[in-house]
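In what follows, a single structure is set out as structure tokens and then discussed.
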Amino acid sequence: MSIFDSFRKISFTSLKKTYFRRDVESAFYLGKPFSFPKVLTEKVFLAACGELHEEHVRMSERLKLFSRVEPQKMQRIVTLADGVLEGRYECYNSLHFTVPDEINWHLDYIAGFEYPILPAWKVEPFSEQAEAELGIPLFLGSFYQVSWLAASWLYTGQAKYKQKAFQIIAQFSDENPIGVGVQWFERSVAATRLINLYYSLTLLGCNSPEDGACVKSAMELVLAHTVYLELNTEIAKAHDYKVFLVQAALLIAGKLLHASEYGKRLSLSAIQLIEQEIRKQVRPDGVMYFHSIPAHAITLEVLAVVQSFCKGEFVLSKEFYKIYAKMTGVFEEYRIGKALFPNIGDAVLGGVLEMEERNWEDKALSILELARVRCGTTEILHKEGCSLEMYLVVDEPDKITIADTRAKNTASIGLHEGGHYLLRDKDISVFIKAAEIGRKGSGPPGHNDSFTFELDYRMKQFIVDSGTYSFFAKPEVRNSLRSVMHHNTFYVDHTQLAEFVGTMGIKSDLTKPSVEEWNSDEGEDNLTVQHFAYVRLEDPVICKRSFRLNKNKRKFRIKDEFLGGSEHTVISNLYLHPEVVVTMLDPETYNLTRDGDTIQLRYHFPNDNLDLSLQDTVYSPSYGVLLKSKRLHLQYRDKLPAFYKMEFSFL
């Protein structure tokens, strides 16, 4: 009887989803190994090794091609691998730390805080130490560094990289039993780790006799992740990119274990769920319900990986490819210039494959180019968007060419189902979110950002969204940044649009946003939206915001109107990019200058019941980064109905 026949008859009795956590906890507290088969059958193991060897042959050719096309980027990967050999890491583009020869998988190396070793669902991510960041150990546990080492070994042939890669895999397996510790806290991180483990094994080759024990250990780790991802019942209620990530990992596991019925079932189930989720999570216009531009990017990357594995008996539907193309088109519309994207919604811990540690803008551009190639083009628009991930994931990397830089589309666009609007003209770009809060008004991400906007001029960010910063460190900072007070919108009587639940959710969304007007032509764009978040006040208030971009006069105007019967306080903020210099010309007029380009902002009010000030604040351009910045703060008190205007002139 094969191991997987036993697995079905015995283990599925005790490893039903409702009992999985109980069994993990029992093994942990009794100090015993988790009760699933530890040794792969010869048949399944040999089939998996054969699969890895076939992929290794392909990956070898692809890496050689990439290193010829992008030698500097290949050298960057080797530099990252050298850093790992010396215990030096770069994390989220700004955090640098060192580790000894053996990694402590439970330690935040920057704050010096060690998370307790408990069943994953009993780990408290918000530690008593305010500076502790769970993202640091999760970064280490994503196995990005293993892929750097594997690629460097294949490129240089130096055994030190291969030895270190297998050392990290073995150490992780020994010190992180299934379901125990922070490395199993996030299913999405476990899924990322499994995907990177697969690609690392294909790069390492794993076909020589001396690799045998290492490969068998790695395959046992694959099985542990497969069981965990399939049977752990901690599944987020909100449908987001993490669902795709988990199913992509199970699809890859199924491919490795295809010699068993268990593996075939995994692949089929994963494809079916991915097909269901892409229909649930994406609107007809290509906007994701989960209002996060970074999450949209990562979803494109995950689904590109999925497509590369769906061949033969496991294929995706035409509808899947149609939706994916829509998502890719929308993400390209979001792009401003070469590599700027709106900072709306939650940031993400990291990408799926991080063969080259990059800042968010470069990562987003590489994902866009990858998605475009997956949609059928052979031309990428920017050489900077070429990545090793692309060469590993696309079908025919040898056919990729660099196109002449194409002029960015400057036509305005309204994505009505998704509630995203882009007002544009030549060197002016405005992104507006006119949708519900979170996913269909339920959250997460649950940012109180109704009618917020970002303004870019001459490919430079001027008015920016304040961002996310972190999910785990300083929860009060996260909730502050996702509050209505930290977005480019307004609020009434110091009241949130929606009340928070924890650091991710909201109690309910009462905004019920509606579009009252949308028209666009070569001369002017007009968008008028209203919401009802404040009808719950003792004296109900209906809020309306109108956006007007006059392309002939090069002026952008915003009018905020408030309908009610009593006296209320209205507050509005404009968050400025840290490099914007503010010069006050008079109490209601300001010049906003960045790198020699200037926008003049003038406020218009019907009376003097106003307090306008320039204040210090913070801005988070990506996960783990928090910068000092400025905001223009308006506080206006009057008996409703009332209004005020803001006019931006592009000098």
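The figures that follow rest on heavy atoms only: side chains count, while hydrogens, waters and symmetry mates do not. Numbers for residues simply follow the sequence, beginning at 1. Owing to the predicted nature of the structure, the values given are computational and were not obtained by experimental measurement.
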Practice task
Decide if the gap between the ring center of Phe431 and the ring center of Phe341 is smaller than 6.0 angstrom.
Solution key: no

Problem - Residues Glu522 and Lys551 bridged, charged N to O under 4.0 Å - result: no

Exercise for the section: Return the set of residues passing side chain to side chain contact (heavy atoms under 4.5 Å, CB included) with Ser142 (not counting sequence neighbours), or none when no residue passes. Expected result: Tyr144, Val189, Thr192

Exercise for the section: Scan side-chain atoms only and decide if Thr452 and Thr489 contain a donor-acceptor pair under the 3.5 Å cut-off. Expected result: no

Exercise for the section: Please determine if Arg554 and Asp427 form a salt bridge, counting it only when a charged side-chain N lies under 4.0 Å from a carboxylate O. Expected result: yes

Exercise for the section: With the side chain counted from C-beta on, respond yes when Ser483 and Gln496 share a heavy-atom pair under 4.5 Å apart, and no when they do not. Expected result: yes

Handout entry: Donor + acceptor pair across side chains of Asn488, Tyr575 (<3.5 Å)
Key = no

Problem - Check: His296 ring centroid to Tyr241 ring centroid under 6.0 Å - result: no

Problem - Cation-pi check, Arg482 onto Phe500 ring (under 6.0 Å, within 45° of axis) - result: yes

Exercise for the section: Apply the side-chain hydrogen bond (donor to acceptor under 3.5 Å, both in side chains) test between His420 and each candidate in Glu333, Lys433, His291; give the one that qualifies. Expected result: His291

Problem - Modelled atom types, side-chain donor and acceptor of Glu516 and Ser514, under 3.5 Å - result: yes

Problem - Nearest atoms (heavy-atom pairs only) where Glu436 meets Pro513 - result: N-CG, 3.7 Å

Handout entry: pair Glu332-Arg372: side-chain heavy atoms closer than 4.5 Å
Key = yes

Exercise for the section: Indicate yes or no: does Asp616 engage Lys630 in a salt bridge with an N to O separation below 4.0 Å. Expected result: yes

Problem - N-O pairing of Glu499 and Lys507 below 4.0 Å - result: yes

Problem - Pairwise distance CE(Met288) to CG(Asp240) - rounded to 0.5 angstrom - result: 7.5 Å

Practice task
Establish, yes or no, whether the cationic atom of Lys559 lies under 6.0 Å from the six-membered ring centre of Phe643 and within 45° of the ring axis.
Solution key: yes

Problem - Interatomic spacing from CD1 in Ile293 to OH in Tyr334 - rounded to 0.5 Å - result: 4.0 Å

Problem - Asp346 side chain to Ser292 side chain, donor-acceptor N/O pair below 3.5 angstrom - result: no

Problem - Arg637 with Asp611: basic N within carboxylate O range, under 4.0 Å - result: no

Exercise for the section: Dump the intermediate steps for salt bridge (charged side-chain N to carboxylate O under 4.0 Å, His left out) on Glu579 and Lys460, then the final yes or no. Expected result: CA-CA 10 Å; Glu579 295 180 9; Lys460 301 169 187 173; over 6 Å; no

Handout entry: Cys386: partners by side chain to side chain contact (heavy atoms under 4.5 Å, CB included), with sequence neighbours left out
Key = Phe66, Glu70, Lys73, Ile380, Tyr391

Problem - Side-chain H-bond candidate by donor/acceptor type, Thr495 with Asp493, under 3.5 Å - result: no

Handout entry: Interatomic distance, Glu647 atom CD to Arg548 atom CZ [nearest 0.5 angstrom]
Key = 9.5 Å

Handout entry: CG-CG distance between Leu592 and Leu601, expressed to the nearest 0.5 angstrom
Key = 5.5 Å

Exercise for the section: Tell me yes or no: between the side chains of Asn526 and Glu517, is some donor less than 3.5 Å from an acceptor? Expected result: no

Handout entry: Polar contact flag, side-chain donor to acceptor under 3.5 angstrom, Ser317-Glu319
Key = no

Exercise for the section: Kindly say whether the aromatic ring centers of Phe562 and His568 come within a distance under 6.0 Å. Expected result: no

Exercise for the section: Measure up the Phe490 and His531 rings against each other and bin them: parallel (under 30°), tilted (30 to 60°), perpendicular (over 60°). Expected result: parallel

Fill in the blank from the handout: So OG1 of Thr569 and OH of Tyr636: to nearest 0.5 Å the spacing works out to 11.5 Å

Exercise for the section: Mind running salt bridge (charged side-chain N to carboxylate O under 4.0 Å, His left out) on Glu301 and Lys363 for me, showing each step along the way? Expected result: CA-CA 10 Å; Glu301 185 183 18; Lys363 175 66 175 178; 3.0 Å; yes

Practice task
Compute the ring centroids of His487 and Phe453, then answer whether they are less than 6.0 Å apart.
Solution key: no

